Structures are given as C-alpha cells and as structure tokens.
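Note: hydrogens, waters and symmetry copies are ignored here, and every other heavy atom, side chains too, is used. In this text, all values refer to a predicted model and were calculated from it rather than measured experimentally.
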Amino acid sequence: MEEEKEVMEEMEVEERVVEIEHPLPCLSESDTQGIIKGRDLFGYVGIEAVLDQMRRKTMKAGFEFNIMVVGQSGLGKSTLVNTLFKSKVSRKSCTPNYEEQISKTVHLQSVSHIIEEKGVKMKLTVIDTPGFGDQINNENCWEPIVQYVNEQYEKYLKEELNVNRKKRIPDSRVHGCVYFLPATGHWLRPIDVEFMRRLGKIVSIVPVIAKADTLTLEERLEFKQRIRQDLQANGIRVYPQKEYDEDAEDRILNDKIRENIPFAVVGTDKEHQVNGNKVLGRKTKWGIIEVENVAHCEFAHLRDLLIRSHLQDLKDVTHNIHYETYRVKRLNESNANGLALSPLTLENGTLEKSDAESHL
C-alpha cells in the first residue's frame, strides 16, 4: 500500500511538472491585440488594395495646398513661386497690365489655380503680402498676416462645428510660409526676428535667402551660419522642427534639411542652352547660373521640401499641431464664457483677397 501511494504521488508530481512546462495559451484583458503577418495568413486577403483605393479617391477629388510668401518688395517672390511650380501662378503674373507699387499698408492678396500633372489635380493658392517691410516705420507690420492666418483657422473651426457640415470642408489654412531674407551677408534684421518669432508659433515657416547669386560661396556659407545662430539665440521655430520627427528615418532626413536652412535660392522663368540641354537659369557676363543645379544654388532643396518630400507633412503639421492648438484655445475660451464661440478679435490691417481660379 505504501509503495502504491508513493507511485501515485510521483505521477501527480510529473503531471504538475508537465502542466508548468506546457501552459495553456491564454490572453489577459490587456493582451487583446496580436500581430498577424503575411506568412501567418491562410491566404490572400487584399488589405494592400486600400492603397490603390486611397490613390484613386485622391486623384478623383484632388487636394489643396496653400502657400504664403512674405518679404519686402524686389526680393523675387513672384519669380520664385513661378519657378517652383513651373507656371505663371504668382499674383503679379496673373494680373493684366500689372504695375509695381509700394503699398502704404500690408494687404494680403491670394490667387488660386488648379494644377494638373499626370492625372493628379491640386488646387494651389498663393498668398502674397505686398507692403510688408517696405515702410520707414514697419512697427506691427506682421499683425495683418497673423490675423489672416488665424481667420483661416476660425473659418475651418466654424465649419467643423456646424451641425450639418459639408462632406469635405474647404481648406484655406496656410500650410507653409516662405520667408524671404535679403542677401545682406550680415545678421537677421529686427523685423526678420520679430516676424519669424511670432509667426513660427502658428504656421510652418521656411526661411530662404533671396537672390543668393549676389553672394560669393564663402559669403553665403558665413551668412547661413549667422542666420542659424540668430534663429537659435532668439528661440525661433522654423520647419521642420525636431520635436515633430516621427521616427529615426524622419530624423535622418530632416537633419539634412535643417543643416541647409536657410536655403540660398535663385529664381527665374527663363530657359538657356547649356551643353545642348535647356535649363532654367540667369545669364550673366560670367556664365549661366542654373537654378536647379545644387552646385549653383539650393533651389532644388527648397522645391523638394515644399513639394516632393514634405508637402503632405506640411499639411499634417498645420492640421495636427497649429490648427489643433488654435482649436483647443478657442474652445477653452468659449467654455470659460459658457457661450458659443465669440467673434474672433480683429487687429489692425486690411485684408484683400482675389479668389480668381485658373486651370493650368
């Protein structure tokens, strides 16, 4: 009997050991999500087709991109915008019998175009700021621009809060602001510092050195270094900001861009023959400055940032960061007052918009 008891106890111990070595699979309440990869599927599901669906819908509906150009007169803003999109899209180019006049105040004017390339449609809106920085006293000349940016956020917010809102809310928010710095070769001017410090909080700013062909390569390098020092010393946030890098791949790409900011650019819409090829360039006594040649200027880097690599990211940062900050602030204000959204406080400045559309 004693031997049988010992045998039974040994068997129970072995069973317990087996249970410990091979526990039954179970999911805790927190482990409700697993990863099933392609090799674990029984067959083809078709999940990847969603990319084609998204592409078809985007191509059918098109998308919007709104870019603002800011800088004093004579820095080549219109020419650079035309060079970026390789078409006559600037306000100056679209206005018949246009005459350059220095405005006494800052007027914001916008012009829209539908640009189509390989079946993809984009509604491009270029917002110009004539009068900025052209006066003897430029105090508070940035206020109409701040007001305009906030008004576009307000429009979008009101559309979102409507009970019966549109299927697709028109997006007039400024997705990027190209700020033109004169090629002085010195430091940032007080107006540059003040503008970028204020606007950098509400919109993505990309600073560029205009007409960079007036500087030697050594002067250009020194000027860029001084500007970066000024930006850091004054706490100015320019795009792309480090805190918005999503992963290591983004960080590597954006670090290369940050090393080149501000971009030293040259703009032109004239073509010249170079080694049997037509190139966009500026002809001088010493030769032709090729706009898209990175050995001559950094226009190609600016174009790639604004259009080819970061256009969607500019829109995402506008919606998820700048607009969201504005939305939270406005809703908190309305909750504190216990009322609906109060009217947006308007500041000094005149807004003038030309919403003429053209098809390119």
Side-chain angles (χ1 to χ4, degrees), residues 62 65-100 109-128 130 176 178-183 206-217 219-220 224 257 260-311 314 354 356-360:
F65 185 58
N66 309 317
I67 185 169
M68 177 182 280
V69 289
V70 181
Q72 67 190 58
S73 301
L75 291 181
K77 300 187 296 294
S78 299
T79 304
L80 186 73
V81 170
N82 290 344
T83 311
L84 273 172
F85 296 97
K86 295 192 175 179
S87 51
K88 304 286 187 182
V89 295
S90 69
R91 176 182 56 89
K92 187 187 293 187
S93 305
C94 301
T95 307
N97 304 319
Y98 179 83
E99 292 183 9
E100 187 73 63
Q109 301 175 334
S110 66
V111 60
S112 297
H113 306 269
I114 305 295
I115 299 178
E116 185 172 350
E117 184 181 44
K118 294 184 179 179
V120 180
K121 292 180 181 179
M122 177 179 77
K123 181 182 177 182
L124 171 70
T125 300
V126 180
I127 305 113
D128 197 1
V178 180
Y179 186 71
F180 287 70
L181 299 164
V206 180
V208 300
I209 301 170
K211 297 188 174 180
D213 52 329
T214 60
L215 299 171
T216 66
L217 293 178
E219 288 171 341
R220 183 194 301 179
K224 285 164 65 78
I257 294 169
N260 285 315
I261 285 178
F263 299 110
V265 297
V266 178
T268 185
D269 53 5
K270 292 182 171 57
E271 290 186 331
H272 300 278
Q273 289 281 346
V274 176
N275 298 326
N277 299 318
K278 281 187 176 181
V279 298
L280 286 170
R282 284 169 53 85
K283 192 172 184 179
T284 68
K285 291 180 181 179
W286 304 276
I288 294 173
I289 301 162
E290 298 175 38
V291 168
E292 296 179 293
N293 187 337
V294 292
H296 293 188
C297 77
E298 295 169 339
F299 169 82
H301 295 321
L302 175 66
R303 178 203 58 207
D304 291 350
L305 173 69
L306 293 178
I307 303 171
R308 300 186 182 181
S309 65
H310 283 66
L311 188 150
L314 280 162
S354 169
E357 283 195 9
S358 70
H359 291 260
L360 300 179

Side-chain polar contacts of residues 280-288 - donor-acceptor pairs under 3.5 angstrom, sequence neighbours left out - could you list them?
| unit_1 | atom_1 | unit_2 | atom_2 | d |
| --- | --- | --- | --- | --- |
| Arg282 | NE | Asp213 | OD2 | 3.0 |
| Arg282 | NH2 | Asp213 | OD2 | 3.4 |
| Thr284 | OG1 | Trp286 | N | 3.2 |
| Thr284 | OG1 | Gly287 | N | 3.3 |
| Thr284 | OG1 | Gly287 | O | 2.9 |

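With a 4.5 Å cut-off on side-chain heavy atoms, Leu306 and Ile67 count as touching. Contact annotation: the side chain of Phe299 never approaches that of Asn293 to less than 4.5 Å [non-hydrogen atoms, C-beta and beyond]. Leu84 has its side chain out of reach of Val178: every pair of non-hydrogen atoms, C-beta onward, lies at least 4.5 Å apart. Within the 4.5 Å cutoff, the side chain of Thr83 has no heavy atoms near those of the Arg303 side chain. Residues Phe65 and Ile307 fail the side-chain proximity criterion, which asks for heavy atoms closer than 4.5 Å.
Side-chain atoms of Lys121 do not come within 3.5 Å of backbone N or O of Ile114 as any donor-acceptor pair. Without hydrogens or angle criteria, Lys224 side chain to Ile209 main chain gives no donor-acceptor distance under 3.5 Å. Between the side chain of Ser90 and the main chain of Asn82, no donor-acceptor pair closer than 3.5 Å is present. At distances below 3.5 Å, not a single donor-acceptor pair connects side-chain atoms of Lys123 with backbone N or O atoms of Asn66. Judged by distance alone, the side chain of Lys77 and the main-chain N or O of Asp128 form no donor-acceptor pair under 3.5 Å. Using modelled atom types, one side-chain atom of Glu298 and one backbone atom of Ala264 make a donor-acceptor pair closer than 3.5 Å. Between the side chain of Ser87 and the backbone N or O of Val89 there is no donor-acceptor pair closer than 3.5 Å.
Interatomic distance, CD1 of Ile257 versus CG of Leu302, reported as 10.5 Å (0.5 Å rounding). With rounding to the nearest 0.5 angstrom, the CG atom of Asp304 is 11.0 Å from the CG atom of Asn260. Interatomic distance, CD of Gln273 versus CD of Glu271, reported as 8.5 Å (0.5 Å rounding). The distance from the CG atom of Leu305 to the NE2 atom of His310 is 6.0 Å, given to the nearest 0.5 Å.
Nearest heavy atom pair, residue Ala210 against residue Phe180, reads CB-CD2, 3.8 Å. Residues Thr125 and Ser112 approach most closely at OG1-OG, 2.8 Å, considering heavy atoms. Across all non-hydrogen atoms, the minimal contact from Glu292 to Lys86 is OE2-NZ, 3.2 Å. Closest approach of Glu219 and Leu215 over heavy atoms only: OE1-CA, 3.5 Å. Here the closest non-hydrogen pair linking Val291 and Cys297 is O-SG, 3.1 Å.
Annotation: ring-ring contact (aromatic ring centres under 6.0 Å, His included) contacts of Phe263 (sequence neighbours excluded): none.
For CD of Glu117, the number of neighbouring non-hydrogen atoms (other residues, nucleotides, ligands) closer than 6.0 Å is 12 at most.
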Criterion side chain to side chain contact (heavy atoms under 4.5 Å, CB included) on Val294 and His301, from CA distance to verdict: CA-CA 8 Å; Val294 292; His301 295 321; 4.0 Å; yes

Please determine whether side chain to side chain contact (heavy atoms under 4.5 Å, CB included) holds for the pair Glu290 and Val274, giving the CA-CA distance in whole Å, both sets of side-chain angles, and the decisive distance to 0.1 Å. CA-CA 9 Å; Glu290 298 175 38; Val274 176; 3.6 Å; yes

